[in-house]
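The structure under discussion appears below in the form of structure tokens.
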Amino acid sequence: MLQQTTVPAVKSYFERFTALWPTVNDLAAAPEDLILKEWAGLGYYARARNLYKCACAVTKEYGGIFPDTEDELIQLPGIGPYSAAAITSIAYNKQATVVDGNVERIVSRLAALEEPLPQSKKTIKELAVHLYQDIGPRASDMPQALMDLGSMICTPKSPTCGLCPISQYCKARKSGDQEKYPVKSKKAPKPTRIGEVYWLETSSGEILVEKRLNDRMLGGMMALPGSNWDNNASQEEEALSSITHVKNWEECGKIKHVFTHFTLILTVRKAGISKKNLILNKNQHLVSIKDIGDLGFPSLYKKVSNMILTFDSSGNRNE
DNA sequence: CACCCGTGGTC
DNA sequence: TGACCAAGGGT
């Protein structure tokens, strides 16, 4: 959960997950859809699918006990170089070179690396090896000490070098230009994509929702139907090919949502539909409007439903 | 290796 | 408001 996500954001999710599924075996026995629902709002949804795959693998191949070597750990779904090293060190108290974003920043500053991230990752790892050598019987303390140093003292902005226990070894500190590091490559400008999203409501107050395909954005998550997001043309016809005779669209406004590598602007439209003429594909179903909050919408679709519900209750409808 | 993948907080 | 950032991993 903590991969690219802050402790405050994770905390309540972690508590709920470990209460629902106290052991790896429990998680492996859970329905994947329920895991995704519980993950809703945390982002990077492939992590949830990988977590489930990982629990299944650990249950089947290791009897529910995580292996204790980096070589075995890194083969598990969702476990990469950082997590494999972190588990080896923190869970098993064995020597491992744990490099997260904090350690990257610390090493970049210690060595005053001019090579930018992410190209410098290899160099950083080679240098970090020395930080983790000959650290005695408490191997698990070093990665946590370094990560805490990075998050509290050697911070991205305004690091408090006066409190840093290793400032005497820091080349960036010596140069007085510590905020310059780590140097980062320029990132590509973030494009804007547009699309449409539909709120389709039956006369008995049910909404058409669908589960998104696994290999797309928000894969596996519940969603509202809509157009594709990847071009400027309205794909209304294609998006609604399974729905006959939708008329009397009401435009409700636009939703802006910023993803990691693009900004999305969705036009929100609503319409009444007749249950009779409805042909649902296998990923779609109707859900009562009062249950819409329990679906496990990712934030994008929460924004949309909040807009619609606010719109309705404020009496601003103009039909 | 470059790109893809969410979200909420901060300055 | 926008850019940056967070206990990265998969393809």
Side-chain angles (χ1 to χ4, degrees), chain A residues 1-14 36 39-54 70 73-91 96-106 108 115-122 124-125 128 140-152 154-159 179-193 212-223 229-230 255-264 296-303:
Chain A
M1 285 180 176
L2 287 166
Q3 290 168 0
Q4 292 290 285
T5 305
T6 57
V7 171
V10 159
K11 192 176 178 196
S12 63
Y13 285 87
F14 179 80
L36 286 172
W39 197 278
L42 248 195
Y44 282 152
Y45 298 100
R47 289 182 301 171
R49 301 195 297 274
N50 286 332
L51 180 68
Y52 173 63
K53 285 187 211 163
C54 184
E70 286 190 72
L73 285 163
I74 206 167
Q75 293 180 45
L76 293 167
I79 299 200
Y82 162 75
S83 297
I87 293 168
T88 302
S89 173
I90 297 171
T97 304
V98 183
V99 181
D100 76 328
N102 292 300
V103 177
E104 286 178 354
R105 185 170 55 256
I106 291 167
S108 296
E115 184 185 15
L117 281 170
Q119 291 88 344
S120 58
K121 279 175 182 282
K122 196 167 297 177
I124 289 171
K125 178 97 176 193
S140 68
D141 288 344
M142 184 58 86
Q144 296 178 98
L146 287 172
M147 289 189 282
D148 286 346
L149 178 68
S151 69
M152 295 187 289
C154 194
T155 49
K157 292 168 193 169
S158 306
E179 268 203 44
K180 166 184 166 191
Y181 304 95
V183 180
K184 298 199 170 180
S185 338
K186 282 176 191 160
K187 49 182 159 62
K190 190 173 290 194
T192 296
R193 299 184 189 173
R212 291 177 64 82
L213 271 26
N214 256 0
D215 60 349
R216 323 172 50 172
M217 273 299 279
L218 310 176
M221 304 305 290
M222 295 306 300
W229 306 338
D230 51 6
I255 289 285
K256 179 180 176 182
H257 193 74
V258 180
F259 290 111
T260 305
H261 57 292
F262 65 93
T263 298
L264 179 64
F297 269 164
S299 295
L300 170 63
Y301 295 106
K302 276 186 195 154
K303 278 189 192 174

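Reminder, nothing fancy here: chain letters follow the sequence lines and each chain counts from 1.
Donor-acceptor pairing under 3.5 Å is recorded for the side chains of A:Lys303 and A:His257.
Looking at residues two or more places apart in sequence or on another chain, you find a side-chain hydrogen bond (donor to acceptor under 3.5 Å, both in side chains) between A:Ser185 and A:Gln119. Under the rule for a salt bridge (Lys or Arg N to Asp or Glu O under 4.0 Å), the partners of A:Glu104 that lie at least two apart in sequence or sit in another chain are A:Lys121. Considering only residues two or more places apart in sequence or on other chains, A:Asn102 meets the side-chain hydrogen bond (donor to acceptor under 3.5 Å, both in side chains) condition with A:Asp100, A:Arg105. For A:Tyr181, the ring pair (Phe, Tyr, Trp, His ring centres under 6.0 Å) criterion is met by no residue, not counting sequence neighbours. Checked against salt bridge (Lys or Arg N to Asp or Glu O under 4.0 Å), A:Lys11 has no partners two or more places apart in sequence or in another chain. The ring pair (Phe, Tyr, Trp, His ring centres under 6.0 Å) search around A:Phe262 returns A:Phe259, not counting sequence neighbours.
The CE atom of A:Met221 sits 13 Å away from the C1' atom of B:dC5 (whole-angstrom rounding). The distance from atom CE of A:Met152 to atom C1' of C:dA6 is 15 Å, rounded to the nearest whole Å. If you take CZ of A:Phe14 and P of B:dT7, they are 22 Å apart, rounded to a whole angstrom. We find that NZ of A:Lys190 is positioned 12 Å from P of C:dC5, with the value rounded to whole Å. Taking atom CG of residue A:Leu264 and atom P of nucleotide B:dC4, one finds them 15 Å apart after rounding to whole Å. Summarising the geometry, the separation between CE on A:Met217 and P on B:dT7 is reported as 7 Å, rounded to the nearest angstrom. Residue A:His261 contributes atom NE2, which lies 8 Å from atom P of B:dG6 at whole-angstrom precision. Between A:Asp215 atom CG and B:dC5 atom P the separation is 10 Å, expressed in whole Å.
Comparing A:Gln119 and A:Phe262, the nucleotide of DNA chain B nearest to each residue sits closer to the 5' end for A:Gln119. Nearest-nucleotide assignment on DNA chain B puts the 5′-proximal partner with A:Lys122, out of A:Lys122 and A:Thr260.
C:dG9 sits 22 Å from B:dG8 when the P atoms are compared, rounded to a whole Å. Taking atom P in both C:dA7 and B:dC4, one finds a spacing of 24 Å when rounded to whole Å.
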Write out a two-atom table: protein N or O, nucleotide N or O from nucleotides 8-10 of chain B, distance below 3.5 Å.
| unit_1 | atom_1 | unit_2 | atom_2 | d |
| --- | --- | --- | --- | --- |
| B:dG8 | OP1 | A:Ser299 | OG | 3.4 |

List every contact pair, protein side and nucleotides 7-11 of chain C side both N or O, where the distance is under 3.5 Å.
| unit_1 | atom_1 | unit_2 | atom_2 | d |
| --- | --- | --- | --- | --- |
| C:dA7 | OP2 | A:Asn102 | OD1 | 3.1 |
| C:dA7 | OP2 | A:Asn102 | ND2 | 3.1 |
| C:dA7 | O5' | A:Asn102 | ND2 | 3.3 |
| C:dA7 | O4' | A:Asp100 | OD2 | 3.3 |
| C:dG8 | OP1 | A:Gly101 | N | 3.1 |
| C:dG8 | OP2 | A:Gln4 | N | 3.2 |
| C:dG8 | OP2 | A:Gln4 | NE2 | 3.3 |
| C:dG9 | OP1 | A:Gly80 | N | 3.0 |
| C:dG9 | OP1 | A:Ser83 | N | 3.0 |
| C:dG9 | OP1 | A:Ser83 | OG | 2.7 |
| C:dG9 | OP2 | A:Pro81 | N | 3.4 |
| C:dG9 | OP2 | A:Tyr82 | N | 3.1 |
| C:dG10 | OP1 | A:Gly78 | N | 2.6 |

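Scanning both residues, A:Ile79 and A:Cys54, for their nearest heavy atoms gives CD1-SG, 4.1 Å.
Using a 4.0 Å heavy-atom criterion, one finds that A:Pro8 contacts no nucleic acid atom at all.
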Give every donor-acceptor pair under 3.5 Å between a side-chain atom in residues 3-10 of chain A and any protein atom, sequence neighbours left out.
| unit_1 | atom_1 | unit_2 | atom_2 | d |
| --- | --- | --- | --- | --- |
| A:Gln3 | NE2 | A:Gly78 | O | 3.2 |
| A:Gln3 | NE2 | A:Ser83 | OG | 3.2 |
| A:Thr5 | OG1 | A:Gln3 | O | 3.2 |
| A:Thr5 | OG1 | A:Arg47 | NH1 | 3.0 |
| A:Thr5 | OG1 | A:Arg47 | NH2 | 3.4 |

